[in-house]
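Here is the structure we will look at, set down as structure tokens.
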Protein chains: 2
Amino acid sequence: MTELVVEGAVEARANVNIALIKYWGKAPGELPEDKNLPAVPSLSLTLDGLYTVTRVAFDPDAEVDRVFLNGVELDPGGTARARVILDRVRALADVAAPFRVDSVNHVPTAAGLASSASSMAALAAAAARCAGLDLAPDALSELARLGSGSASRSVFGGWVAWEGRSARPVAPVEHWDLAVVIAVVGTGPKAIGSRAAMERTTRTSPLYAGWVGQAAETFREALDALTARDFPSLVAAMERSTMRMHASALGADPPVLYWQPATLAVLREVERIRADGLPCGFTMDAGPNVKVFCAGADVEAVSRRLTPIPGVAHTFVARPGQGVIVRLVTQERP
Amino acid sequence: MTELVVEGAVEARANVNIALIKYWGKAPGELPEDKNLPAVPSLSLTLDGLYTVTRVAFDPDAEVDRVFLNGVELDPGGTARARVILDRVRALADVAAPFRVDSVNHVPTAAGLASSASSMAALAAAAARCAGLDLAPDALSELARLGSGSASRSVFGGWVAWEGRSARPVAPVEHWDLAVVIAVVGTGPKAIGSRAAMERTTRTSPLYAGWVGQAAETFREALDALTARDFPSLVAAMERSTMRMHASALGADPPVLYWQPATLAVLREVERIRADGLPCGFTMDAGPNVKVFCAGADVEAVSRRLTPIPGVAHTFVARPGQGVIVRLVTQERP
């Protein structure tokens, strides 16, 4: 099944995911296909309804790849990540033609989540199929990883582990009815981007080696807790991973500090909610927002506690979601 | 000069100090005189007007040491630190009699600073002199260290370095006209004490080794900046040391997080003050308060920026101060 789709287009839809055990730091690798190899294993939950739809077609008349995001064409600087995937697809399929990529993000800014994982996973799936590649799931995950490390996880639904070259599903959506309440914190001063912060941490933080050294054990604890549906143990591992990731960045020169006052206010409120008998736990990525895990039935109760906190712009609820979906588009593009 | 002062009393007065390069973690040591040996070198400024006055006399009629703090006698649990110093003094002076200790703290709660450094430095100086010991400054610093690590620095005035068994003065009060604006943050949930947090960090944080490994270099940078009166370099080293200390604690299991929302608000305001052209820099100890260093002439301007921050109860200004002072008290105690 290596049929080349030249006449039509392929559309893929992928959800974002949220890491409980964090990806922070890259392993060394010199080849193009070694891009974004992780220094540490990570564990994530793919989220429902926060997705990117990407349509890919060959564009034989073009001289270079053209990428449109939400209808606006990106300049070459904005297409660098996409081109890594497209170049790899051309190499694997032994074709040379440029692609036209039309991508629409359905990850509202209000969700407080980055869309690089969903967009690169959707792009990888659509481009591979467009070029006639019938990639196994792990190969598709590896391809998505080249565009954005966390995209390797968005290929799969539910609970996903990522170690080494590709991610793998470890439990389906139905395994555990948990949900995430995202406390979106009004942005303060512009923070450093996650790639630059990761690079600075790796290069200058004397705490980074300790972060890498502990990762396998924390990952294993979280996997065991997930298998056993042991929420307190899952939360303990998640918060430990989160704090150690942020701590390794705090140790950089100059320090990388993503938190705002409201970030701390949410963390303290999570402690109080838990003390009040409502199980929940937090994680944070390279930004000031706080993501709070709880039972699916508890999202309203948790949201009611987090929404009134000064500095929290609003909260947003996300639930477990499926992996990437691909379909052929037979009709002509308008 | 080993005259034993049995009839009279000795009074010592010592100031608190604030560490720019942080003490966090103890070196191994099994002997009583190895207590509070530091895992890392630290650098501090002794502060004026925030002090403890401690009067020590032999009490031949008593069976055990009696310690009064602000007029109230402490129970045995409260005198443990003092007894380490008193036992050491008795051993050095080859005497057996119990002491009576009367200590008065003049470190207002409003200053947001712990008084263990000033109280243990004053106790060491008064008890040693009372027992007829004529200790050299480094030996007195070593004695004070047994009660509280940071007390080793309060023996000296101005800028003080502490490595190994004792601290040493590195620049006098007059060397540099800097001051500290302390932003006192309304306390939130009761935090873990610094000794327990230090112990937990040492035992469970995989980031602790990195903290220890970087300490000598950061200390050296700060010393060089102090010598050259290079404020930006001093601040860079101070903030790096501060963040790495807190990061090593964040890496503990469970994580140790001392910050409150207002702590972050002050850190962000310090960034803005600096961006506005007013040089300043922060440090934090095992608690939510933020200490902001600036030129002595700038304390009003800095205070005006920090005082209105929501969650900051008030600010407090401290300036460089002298080391411990000892005097004989000839009159009878009432």
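All figures in this text were calculated on a predicted structure; none of them were measured in a lab. Protein chains get the first letters and strands the later ones, always in sequence-line order, with residue 1 at the start of each.
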Problem set entry | Side chain, backbone, both or neither of B:A275 within contact of chain A (heavy atoms, under 4.5 Å) | neither
For this session: Let me know if A:A249 has heavy atoms under 4.5 Å from chain B in its side chain, its backbone, both or neither.
Result: neither
Seminar exercise, completed: So, the part of B:S248 with a heavy atom under 4.5 Å from chain A: the answer is backbone
For this session: Examine whether an atom of A:S241 lies under 4.5 Å from a heavy atom of chain B, and if so say whether it belongs to the side chain, the backbone or both; otherwise answer neither.
Result: neither
Exercise. What is the minimum heavy-atom distance between B:R240 and A:P255, and which atoms define it?
Worked result: CA-CG, 4.5 Å
For this session: Apply side chain to side chain contact (heavy atoms under 4.5 Å, CB included) to the pair B:L264 and A:T263, showing each step before the final yes or no.
Result: CA-CA 9 Å; B:L264 262 288; A:T263 308; over 6 Å; no
Problem set entry | Heavy-atom closest pair, residues A:G251 and B:R244 | O-NE, 2.7 Å
For this session: Could you check which of B:P310, B:A247, B:P261 has the highest count of heavy-atom pairs closer than 4.5 Å to chain A?
Result: B:P261
Exercise. In a check of side-chain contact (heavy atoms from CB on, under 4.5 Å) between B:L257 and each of A:M243, A:H246, A:E239, which one passes?
Worked result: A:M243
Seminar exercise, completed: The interface call for A:T204 against chain B, heavy-atom contacts under 4.5 Å, is backbone
Exercise. What residue in A:L207, A:T242, A:L267 has the most heavy-atom pairs under 4.5 Å with chain B?
Worked result: A:L207
Exercise. Can you say whether B:P254 sits under 4.5 Å from chain A via the side chain, the backbone, both, or neither, judging by heavy atoms?
Worked result: neither
Exercise. Do any N or O atoms from the side chain of B:R268 and from the backbone of A:W259 form a donor-acceptor pair under 3.5 angstrom?
Worked result: yes
Seminar exercise, completed: The interface call for A:A265 against chain B, heavy-atom contacts under 4.5 Å, is both
